[in-house]
Amino acid sequence: MGEEKSSRPRINLIKAHIDAISAALRRMTKPPMTLMFPDYEEAWPEGYRGFILYDYDTCIGCSLCAQICPARAIKMYRVPGDKRIRPGYNVGRCIFCGLCVDICPVDALSYSYVHDEVYSEVNPMNMDPIDWALWSKRIKEKEKSAKPKLKPVIDEDIGLRYEVTKNVEGEE
Amino acid sequence: MAIKLPGMYGHEVGKQEGYRVVELFIGPQHPASGHMRMILYLDGDIVVKVDPDIGYVHRTVEKLSETREYVRVISLIERMTIIDACNVTLPYVEAVERLLDVEPPPRAKYLRTILCEINRIASHLYGLGLGGIFLNHSTMYMWAFGDREVFLHLANMLTGARLTHTYSVFGGVRRDLPQGFKDEFAKARRYMLKRLKEYDKIFYNNPVIRGRLENVGILKREHAISLGATGPNLRASGVYYDARLTGYAAYPDLDFRPVIGKHGDALERIWVRLREIEVSLDLIERALKELPEGPIMNERFTKGIPPKVRHWFEKGFIKLPGGYVRLKTKAGEVITRAEMGHGEITYYLVSNGDIKPYRLRVVTPSARNVILFTVLPIGHTLMDFPAIYGSLDYFPPEADR
């Protein structure tokens with residue numbers, strides 16, 4: 001293979017070179033669509049699937065979340081002094097599919113907008129029910145006191161534009 | 001004599017017609033090899049034989065799916081191609097729906113089509129960007145990956161996740177169209193159509209790219225058919241075939257026409273991908289215009305939801321019933337297919353009436369396209385090899401699965 005030449009119409013070499021360079025130059029005059037990450041964070045849309053938050057008091061211990069979890073990130077535990085079995089959460093295994101939130105019959109589970117946490121050890125990532133409930137409260141507070149957030153909006157000219165949300169305006 | 005290059009290792013393997021034949025190992029750590037190794041046999045600078053060594057990212061997806069309940073398999077199989085997550089799971093969901101005798105509502109079918117096409121655009125942009133960087137065209141790489149972000153943003157608005165959406169589930173979809181999606185998409189469409197003209201200038205009609213890609217790796221029509229090539233690589237050789245023509249999801253209602261190329265060389269494969277982005281944009285626009293009203297989930301799964309959590313339906317979310325985990329299908333065999341960004345994917349699902357699949361066979365498009373590596377570069381120079389690789393849009397995790 002490879003002997004036959006195609007009969008594609010030839011292009012004007014000089015014009016094509018100038019077109020290519022001018023297309024790149026035109027783009028250079030426009031602002032970049034980069035999010036300056038450590039200083040600013042993206043404001044995720046409503047319903048963004050971040051970490052799963054757990055409400056201990058609403059939970060009825062039906063274990064459906066542990067059954068549907070595709071990564072086995074949620075497991076059921078026995079809590080001393082509690083008749084019901086309760087779900088525990090392994091952050092390291094979670095794939096953020098959100099099926100557990102969809103199947104929870106009492107809204108004990110919910111999404112958060114946070115999806116990054118740093119751990120220096122493996123063990124704290126695997127939480128039992130009480131740890132998970134306490135951790136959820138901490139994550140909720142982290143959501144509130146987060147860094148300035150920028151909302152991505154599609155722009156006809158440059159693609160994505162990061163708009164300043166009220167959160168940032170208030171601080172500045 | 002050993003030759004050592006960054007990420008490559010070569011040594012002499014013998015003589016052929018007076019020339020020394022060199023065996024050159026590219027990958028699996030080479031930046032342009034993907035998760036695989038290429039063993040090239042070179043006579044001087046001419047490639048005489050290629051041995052693609054795949055299997056570096058094999059994750060036993062087929063066997064693992066036999067150990068999981070039907071709904072848990074969805075998130076597993078979308079890890080074959082996370083850049084194309086809706087297209088890769090849709091035929092599996094449809095296969096299980098056929099075994100369950102559940103039909104998704106029309107609105108769910110349209111929403112699936114919309115996400116599939118958003119995924120296809122993102123997948124093509126990913127392929128074009130990598131095709132660009134294989135030719136050292138960093139501008140195309142940066143542009144395509146930047147514009148892909150626009151479509152990831154749209155998918156994020158619709159599903160709540162940028163890549164692994166887990167959007168289509170048995171009986172419907174998990175989210176309704178969010179407010180403001182139509183306006184955002186209209187802007188994205190106008191932007192992308194403008195960008196495609198710039199892509200033509202900087203990439204497709206760029207004399208440097210033409211010099212690298214034109215008449216390189218020609219796949220003739222009859223060869224494309226007999227080798228079983230699929231997707232844009234097949235259509236670039238002039239074959240009128242697209243799995244979307246078989247009519248799944250909402251495609252029969254949308255009057256879909258595939259893009260067919262003529263020449264079958266590397267440049268034509270790039271051209272087909274660029275034009276398919278236009279077609280996908282039109283398809284989404286038409287689907288949004290004709291989007292029917294109604295529920296997004298089959299009534300069989302929504303009637304048993306307790307009234308306490310029914311407020312989610314008003315917000316455009318769904319709640320799954322408790323029996324959803326241990327769904328029992330009837331015994332039987334189903335074959336489904338769909339068109340992914342890389343080509344046609346086929347699922348063969350065998351059920352023996354249990355809560356888990358008895359066997360799930362997956363034939364992915366990249367697994368079918370890998371044979372092209374052994375055929376197309378023969379007779380070309382080593383320099384043409386990355387050009388051919390880039391034009392094939394090969395995705396190793398999908399081939400190995």
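Throughout, a chain's letter reflects where its sequence line sits, starting with A, and its residues are numbered from 1.
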## Note on the structure
In terms of heavy-atom pairs under 4.5 Å with chain A, the winner among Glu149(B), His165(B), Met192(B), Lys197(B) is His165(B)
### Query
In terms of heavy-atom proximity below 4.5 Å to chain B, should Pro45(A) be classed as side chain, backbone, both, or neither?
side chain
### Task
Report yes or no: do His311(B) and Asp107(A) form a side-chain donor-acceptor pair below 3.5 Å?
yes
#### Entry: Residue among Lys315(B), Arg79(B), Glu69(B) with most heavy-atom pairs under 4.5 Å to chain A
Arg79(B)
### Summary
Heaviest contributor of heavy-atom pairs below 4.5 Å to chain A, chosen from Arg326(B), Glu78(B), Glu268(B), is Glu268(B)
### Task
Indicate the atoms forming the closest heavy-atom contact of Leu64(A) with Gly322(B), along with that distance.
CD2-O, 3.4 Å
### Task
Return yes if some donor-acceptor pair links the side-chain N/O of Lys187(B) with the main-chain N/O of Gly159(A) below 3.5 Å, else return no.
no
### Query
Yes or no on salt bridge (charged side-chain N to carboxylate O under 4.0 Å, His left out) for Glu156(A) and Arg190(B), after CA distance, side-chain angles and deciding distance?
CA-CA 6 Å; Glu156(A) 272 176 53; Arg190(B) 283 197 292 272; 2.7 Å; yes
### Query
Non-hydrogen atoms of chain B under 4.5 Å away: do they reach the side chain of Ile158(A), the backbone, both or neither?
backbone
### Message
Please check this pair: side chain of Arg49(A) against backbone of Thr159(B), looking for a donor-acceptor N/O pair closer than 3.5 Å.
### Response
yes
### Query
Where the side chain of Arg27(A) meets the backbone of Trp143(B), is there a donor-acceptor pair that is under 3.5 Å apart?
no
### Query
What are the two closest heavy atoms between Ala24(A) and Ile202(B), and how far apart are they?
CB-CD1, 3.7 Å
### Query
Do Trp312(B) and Asp102(A) get their side chains close enough for a donor-acceptor pair, meaning under 3.5 Å?
no
### Query
Checking Asp157(A) against chain B: side chain, backbone, both or neither under 4.5 Å from a heavy atom?
both
### Query
Do side-chain atoms of Lys201(B) reach the backbone of Ala23(A) as a donor and acceptor pair under 3.5 angstrom?
no
### Task
With a 4.5 angstrom heavy-atom cut-off, could you sort out which part of Cys104(A) is near chain B: side chain, backbone, both or neither?
both
